[in-house]
There are 2 protein chains.
Amino acid sequence: MTQKHSIPKLDDVATRAGVSTATVSRFYNNPEVVAPATAERIRAAVADTGYLPNLIAGGLASNRSRLVAVLVPEVAQSIFNDTIEAMCAELSLDGNIVMLGLTGADNSRLARLIDAALARRADGVILTALMTDETLRERLRSRSTTVIETWGLPDDPIDVAVGFSHTAVGADIARFLLGRGYQNPLVVVAAAARARLRRDGFVREWTAAGRAAPDELEVPLPTRYGHSRLVWRHVAQMNPRPDVIICGSDVLAQGVIIEAHAAGVRVPDQIAVVGFGNLAIAGDMRPSITTVDVDGARIGREAVAVLRRRAAGEQIVDRHIDVGFRLIARESA
Amino acid sequence: MTQKHSIPKLDDVATRAGVSTATVSRFYNNPEVVAPATAERIRAAVADTGYLPNLIAGGLASNRSRLVAVLVPEVAQSIFNDTIEAMCAELSLDGNIVMLGLTGADNSRLARLIDAALARRADGVILTALMTDETLRERLRSRSTTVIETWGLPDDPIDVAVGFSHTAVGADIARFLLGRGYQNPLVVVAAAARARLRRDGFVREWTAAGRAAPDELEVPLPTRYGHSRLVWRHVAQMNPRPDVIICGSDVLAQGVIIEAHAAGVRVPDQIAVVGFGNLAIAGDMRPSITTVDVDGARIGREAVAVLRRRAAGEQIVDRHIDVGFRLIARESA
DNA sequence: CTGAAAGCGCTTACAG
DNA sequence: CTGAAAGCGCTTACAG
């Protein structure tokens, strides 16, 4: 007897199908084990009742939440959005849901969000920003949850890392610009740990070639299109003017190009610009932007693959998964 | 006696504090009711054990998931991102988490994501895209969950709607351009229901002024920066050339301006451009972009406010919450 | 292939 | 202000 306006539960389906609740549960979680005829009766009962399994009860009983927390600094203009897209797509394929946590550019909400994820017994926690707080890292390590750090390759990952070397990116850019004969770069550095790693890689490679340390300019976080005005204002009063500006993002690079043009300075003829990230705008901009391509979607897929391997009980030996990157020479430098 | 490597539960804390589990539960959910001295002992026990409440068990017992599903088409270059940011911030303040569901530009994954949300007994479901499928709307209506449709004001909301009138936006743009003396607009329409509403509003107002129906161009979804090339290619072969292009997004507007400049056509002197959304780039672009401001963050906050009122047992009488919009005249038109 | 039953870790009237 | 106890809706050995 199904009651009106009360949501049907496993028991209602079982009664209607003339089987035990255990069998209905198996029908959902282990279908190959139930007899075809039984399955058919259950299917009918489900259709009749409009039953939808209560996964929060299921999660408690099975000790699997099917919840993966994805913690990112922001979503507004974020370089991580392709990674988020890929993870959402992959995870929902397996019946998981993603909890989106926005930590803020300064990671100020990170600790609370991690607690929220652990309190829901998330099957996995995926971080995109670099988490430097050792207490927090230790806290996460002490839990049994899978935690995946993405977009970087820390020496000692909490658990598993999927990313690439930011110092290598910086070095690659330096080598490229050296090869093109640039003399006087300005390195624009965002106030973020990884941006500094790229800067370090650049400076090391640049000075290793016998050049003087490059000029630098720090911009605040989060990266905004409007910062390009700050950058350009700074550049305009430099003497001598740099011949190439290395930006921390394609958005910033695009803005700098627009400001340069508005000031009557041609890119790349009078000043060159390099971006980072290879967003769609990098290829579409006029001039198209020389940048570093990072396959954000692949990072997302690899992260989910690790989660799957863990769920399958597989031992993960290599805790560093390097997806690499690729410098793409276009018109702007 | 706490066991190593087993995660502490309510019972462990209770034993250690010398109280019942009921009291520890109250300590978390109804703190004003437990005696200060008792609370202190519980606090100590929590600290000693490193206890973190299992909210999935709590959710089952209390019939509150503290989970709100936010279903958006995409996150890559989405106009909804400010709304998402605001909702995440507000919801985590109340101890809720947000499930992010990416439905795809064509909403193809919407039904599955709704089921995933309902299966977790989400306390609320927030939609940003217009959901046209009547079966799905009915399905949602039959549940007791709060559902909030945002960024639009459908005549008959599933539950509550927070947004603005898209036809009014179109009409406003028409009136503005009429006032500025434009003669020959091209309306670029994305293949989306709401974009069509804005187009309808524009055309109605434009023709009501005694003008001929404007030229139109449809662009595919999702809106990408690269589409501006398509638009510009189309414009270049129009004869006579339009004197103003009405774009469905600021990103598209920006791209069109860049293409125009690359083709040696000055904006707004030779051709004007109007955007939609008032993203940061609209104000920062050269020329700055005339657009329609929508307060996406406010939409997010209002949606969460509705959720709170529901949680407090308040009756919601007005099912339409109009947050309005504002045409912002800048340099591009 | 299926069922009876214990258990997952909490919350919440009810009683005191 | 606090406790004993039932219950939330599932899953999963265990036995057959």
Side-chain angles (χ1 to χ4, degrees), chain A residues 2-3 6-43 45-46 49-67 95 118-123 144 311, chain B residues 2-3 6-43 45-46 49-67 95 118-123 144 311:
Chain A
T2 354
Q3 290 184 285
S6 92
I7 66 181
K9 48 190 73 163
L10 196 64
D11 199 41
D12 300 321
V13 175
T15 308
R16 196 170 192 110
V19 295
S20 72
T21 56
T23 300
V24 182
S25 176
R26 288 189 198 102
F27 169 79
Y28 281 104
N29 303 312
N30 222 1
E32 64 284 2
V33 96
V34 354
T38 313
E40 200 38 66
R41 292 209 319 279
I42 295 177
R43 233 184 305 276
V46 167
T49 54
Y51 174 69
L52 197 62
N54 182 331
L55 259 32
I56 120 128
L60 177 59
S62 68
N63 196 26
R64 280 198 62 186
S65 62
R66 297 185 160 284
L67 197 234
L118 294 178
R120 266 82 177 187
R121 303 302 186 255
D123 292 336
S144 58
Chain B
T2 355
Q3 288 184 288
S6 92
I7 68 181
K9 49 190 72 163
L10 197 63
D11 199 43
D12 299 320
V13 175
T15 308
R16 198 171 188 109
V19 295
S20 73
T21 56
T23 300
V24 182
S25 176
R26 290 189 196 102
F27 170 80
Y28 280 104
N29 303 312
N30 222 0
E32 63 283 2
V33 96
V34 355
T38 313
E40 199 40 64
R41 291 206 323 275
I42 295 177
R43 232 184 307 277
V46 167
T49 54
Y51 174 69
L52 197 63
N54 181 330
L55 259 33
I56 121 129
L60 177 60
S62 69
N63 197 28
R64 282 197 61 186
S65 62
R66 298 185 160 284
L67 196 232
L118 294 177
R120 265 83 177 186
R121 303 302 186 255
D123 293 336
S144 58

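The basis for the numbers below is simple: all heavy atoms, side chains too, and nothing from hydrogens, waters or symmetry mates. All chains are named by letter (A, B, ...) in the order of the sequence lines, taking the proteins before the strands, and each is independently numbered beginning at 1.
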Could you state the atom-to-atom distance from [atom1] of [X] to [atom2] of [N] in whole Å?
X: B:Leu10; N: D:dA5; atom1: CG; atom2: C1'; value: 15 Å
X: B:Asn63; N: C:dC10; atom1: CG; atom2: C1'; value: 13 Å
X: B:Asn30; N: C:dT11; atom1: CG; atom2: P; value: 11 Å
X: B:Arg66; N: C:dC10; atom1: CZ; atom2: C1'; value: 14 Å
X: A:Arg64; N: D:dG9; atom1: CZ; atom2: P; value: 23 Å
X: A:Ile56; N: D:dT11; atom1: CD1; atom2: C1'; value: 14 Å
X: B:Phe27; N: D:dG3; atom1: CZ; atom2: P; value: 14 Å
X: B:Leu118; N: D:dG9; atom1: CG; atom2: P; value: 16 Å

Classify the side chain of A:Arg26 and the base of C:dG3 as holding, or not holding, a donor-acceptor pair under 3.5 Å.
->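 Under the 3.5 Å cut-off, the side chain and the base do form a donor-acceptor pair.
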
What is the pairing partner of C:dA13, taking Watson-Crick or G-U wobble pairs with both distances under 3.5 Å in any strand?
->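 Across any shown strand, C:dA13 pairs with none.
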
Watson-Crick or G-U wobble partner for D:dA4, using a 3.5 Å limit on both distances?
->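 Checking every strand shown, D:dA4 finds no partner, since no pair has both distances under 3.5 Å.
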
Taking atom C1' in both C:dT12 and C:dG16, what distance in whole Å separates the two?
->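 Their C1' atoms lie roughly 16 Å apart.
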
With rounding to the nearest 0.5 Å, note down the distance linking CG in A:Asp12 to CD1 in A:Ile7.
->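 Going from CG on A:Asp12 over to CD1 on A:Ile7, the span is 10.0 Å.
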
Could you check which of [options] has an atom nearest any side-chain atom of [X]?
X: A:Ala61; options: D:dG3, D:dT2, D:dG9; result: D:dG9
X: B:Thr23; options: C:dG3, D:dG3, C:dC10; result: D:dG3
X: B:Ala57; options: C:dA4, C:dC10, D:dC10; result: C:dC10

Just to be sure I understand the rule, does [X] reach a base, reach only the sugar-phosphate, or reach nothing, if contact means heavy atoms closer than 4.0 Å?
X: B:Ser62; answer: sugar-phosphate
X: B:Asn54; answer: sugar-phosphate
X: A:Ala22; answer: base

Would you tell me if any nitrogen or oxygen in the side chain of A:Asn29 comes within less than 4.0 Å of OP1 or OP2 on D:dT11?
->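 For D:dT11, OP1 or OP2 has a side-chain N or O of A:Asn29 closer than 4.0 Å.
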
Phosphate-side-chain proximity, A:Tyr28 and D:dG9, N/O vs OP1/OP2 below 4.0 Å |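 Answer is no, no contact under 4.0 Å.
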
Looking at [Y], is its backbone amide N or carbonyl O close enough to the side chain of [X] to form a donor-acceptor pair, meaning the two atoms are under 3.5 Å apart?
X: A:Ser65; Y: A:Arg121; result: yes
X: B:Asn29; Y: B:Ser25; result: yes
X: A:Asn54; Y: A:Ala57; result: yes

Any idea which heavy atoms bring B:Ala119 and A:Leu52 closest together, and the distance?
->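 Answer, listing the atom of B:Ala119 first, then A:Leu52: N-CD2, 3.7 Å.
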
Any side-chain heavy-atom pair of B:Glu40 and B:Thr38 under 4.5 Å |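 No; the side chains remain at least 4.5 Å from each other.
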
Which residue lies more 5' along DNA chain D, comparing B:Leu60 with B:Val19 via nearest heavy atoms =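 Taking each residue's closest nucleotide, the earlier one in sequence belongs to B:Val19.
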
